[in-house]
Amino acid sequence: MSFLELRDITKRYGTLNAVSDVTLSVEKGEFVSLLGPSGCGKTTTLQMIAGFVDVTAGSIRLDGRDITHAKANSRGLGIVFQSYALFPHMTVYDNVSFGLEMQRVPKSDRKDRVEEALGLVHLSAYAGRYPRELSGGQRQRVALARAIVIRPPVLLLDEPLSNLDAKLREAMQFELRDIQRKVGTTTVMVTHDQAEAFSISDRVVVMEAGRITQIDEPYRIYEHPETEFISRFVGKTNMLPGTVQTVNGGYASVSLAGVPVEVEAPGVALGETLTLCIRPEKLRLAGAGQGRLPGRVSVRYFLGSQWLYHIDGPLGTLMAVTPNDGSAPLDVDMPVGIDWSPSVVRVHRGVMAEAPDPALEAE
Amino acid sequence: MEATGPGARRSTPLILSAPAALLFASLILTPLLLTALLSFNEFEHATGRTHGFTVGHYLAVLTDEYYLEIFLRTFRVAALATAICVIVGVPEAYILSRMRNPWRSVFLLVVLAPLLVSVVVRAFGWSMLLGPEGPINAALVALGIGRVRMLYTEWTVIVALVHVMLPFMIIPVWTSLQKLDPAVEQAALSFGASRATAIVRVVAPQILPGILSGSLIVFGLSASAFAIPGLLGGRRLKMVATVVYDQYLSDLNWPMGATVAVLLLAANLVVMLTYHRVVEGHYRRRLG
């Protein structure tokens, strides 16, 4: 029996299914992220756990207790809101102390626990300030301290870092994980940012159109996306459509615009259309005339630690990422050879339409 | 381009604000000044001429218990009307802010309705309703309770004032409720607060600036209200504004009327500024 269990929970607004049959088990102490583009139902799912949105069907159990229809103020969960939702008329100290007051914790204990929580988020010196006198990152940490001070069974984070600038967001990601480890609270985070989800979660739940499409460890989701949606939403990917030419046991030879490529693809039939997905960082750029495919650099972007190239070739434009190892980058219009190891190719059956990058739409 | 830059001519702000300043000076400051000057004039009862300089009117008003009672009554009525507007208007604004369209638009119109009816018509409506032969008294008689004199009492004036003043309370409170992040109330609930506690501890303090401005508007308008006390308070239940009217038009003692008017303005300012200082000073640092 898991600590937090969602079983087939569904939320309907009229005829619209915002969330359909979501089933998820979260173990005690685990950090789970709900990842998906906006409108995928991840926030609605979180709000049902919090008790702010009624569940149309299904059940939610917390530590063996059915809380499906329990009132929000009886669940005792710690919530960090996207807007932080600090009480603007109270000092940092009073903000953090509020939850303990509601739990009728004696005043002397309250003081110790508030100070402990503020220490954990490095804000002890700011106890007397009002929220509007704090920076965005400090407010975020007050919201976190306020949520963990009540020692909730489950911590819910609703896009907790989306209002911070890029540098602060990265720093807070690790701090968040660090604090969560120290406190050991079971945590469910909602985010549309895959980097955020991957870097700090034990498991990631990918949602699309109100449904869960994959639950897995971050590394497995990235390397073994189960649907085309995930492979496009999570990171960048090159998609190469081709036809099966020969089948040999679990292997097949696929023709990509006339170039035969061996892939591991059990159970495919002769003449079947497949899509091969290769992550840009797994393409190797070699000298002209070498590798599997010829190409020519059309654009290059400098990303600091990496170079991102667009390579024009017989299969259209491919993206390739190489680490910036200090050597001179390839020049635009330079002919190159494209190579990869057979094991990095993911095979999807059927043709995938080149859709616009969903990560962009999610913003 | 230069005119919009930092090097714009110094006189630009002055020129731009001149029309409003001129309007303000000619339509508000000048009559006020003339009234203030008039209040220091002597008045000859026999001829009705005004001339010279005296502070006698002020001494007369400030030492006469008759005037003192009227001032006290005026501020009591205004304070009670304000208090009732807060008690009724704040929850009403909260409920309105939680409503969805089309109901919200409908009820907002209901709230604003008293402002759409002329004050005279509204006052006569109240006197018909509350009069000795009105439907309320008829109902009381039918129930065997007997007639109750409601017209020409302080409470009738207060009720009628509340009726028309409510929108001035509801609109500012509603505006500050609109600015409230709904997640803040949810946050209070998530920490185990009951709905009532969430409203008292978290919502109410944040809409205090709205309640403050609403109270100031309602108090100011109620303390200087003329038509409602005049029509529903009758001849005996005088308020300051009706005394001013009487002095000007019945006694023709313009300097005395001007004195009472100036004192009303001064007293109103003192009450409102004190209230503003006490309440807002308390919250300035927190809410900015």
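Lettering follows sequence order; numbering is per chain, from 1. Because only heavy atoms are used, hydrogens play no part in the values below, and waters and symmetry mates are left out as well, while side chains stay in.
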Asker: Looking at every heavy atom in both A/Met90 and B/Val202, which two are closest together, and how far apart are they?
Answerer: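 Reported closest heavy-atom pair: CE-CG2, 4.4 Å.
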
Asker: By a 4.5 Å heavy-atom criterion (distance strictly below it), what part of B/Arg201 contacts chain A: side chain, backbone, both, or neither?
Answerer: both

Asker: Counting only heavy atoms closer than 4.5 Å, note whether A/Ile150 contacts chain B via side chain, backbone, both or neither.
Answerer: side chain

Asker: Around atom CZ of B/Phe226, are there more than 12 heavy atoms of other residues, nucleotides or ligands at under 6.0 Å?
Answerer: yes

Asker: How long is the straight-line distance from CD of B/Gln186 back to CD of A/Gln47, given to the nearest 0.5 Å?
Answerer: 5.5 Å

Asker: Heavy-atom cut-off 4.5 Å, strictly under: side chain, backbone, both or neither for A/Leu156 against chain B?
Answerer: neither

Asker: So which heavy atom on B/Thr197 is nearest to which on A/Met102, and how close?
Answerer: CG2-CE, 3.7 Å

Asker: Which atoms form the tightest heavy-atom contact between B/Ser190 and A/Phe81, and what is the distance?
Answerer: OG-CE1, 4.4 Å

Asker: Between CZ of B/Phe191 and CG of A/Leu100, what distance do you get to the nearest 0.5 Å?
Answerer: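 Answer for the CZ-CG pair, B/Phe191 versus A/Leu100, is 9.5 Å.
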
Asker: Checking B/Ala198 against chain A: side chain, backbone, both or neither under 4.5 Å from a heavy atom?
Answerer: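 Contact with chain A: none, neither part.
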
Asker: If you count every heavy atom of other residues, nucleotides or ligands that lies below 6.0 Å from A/Asp54 atom CG, does the total exceed 12?
Answerer: no

Asker: Considering only heavy atoms, which portion of A/Gln82 lies under 4.5 Å from any heavy atom of chain B: side chain, backbone, both, or neither?
Answerer: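 No part of A/Gln82 comes within 4.5 Å of chain B.
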
Asker: About how many Å separate CG of B/Leu189 and CZ of A/Arg75, when rounded to the nearest 0.5 Å?
Answerer: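 The CZ atom of A/Arg75 sits 11.5 Å away from the CG atom of B/Leu189.
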
Asker: Nearest 0.5 Å please: distance from the CG atom of B/Asp181 over to the OH atom of A/Tyr84.
Answerer: 12.0 Å

Asker: Looking only at non-hydrogen atoms, find the nearest pair between B/Ala183 and A/Ser83 and report the distance.
Answerer: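 For B/Ala183 and A/Ser83, the tightest heavy-atom pair comes out as CB-OG, 3.9 Å.
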
Asker: Atom OG of B/Ser194 and atom NZ of A/Lys71: how far apart are they, to the nearest 0.5 Å?
Answerer: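 Atom-to-atom, B/Ser194:OG and A/Lys71:NZ are 10.5 Å apart.
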
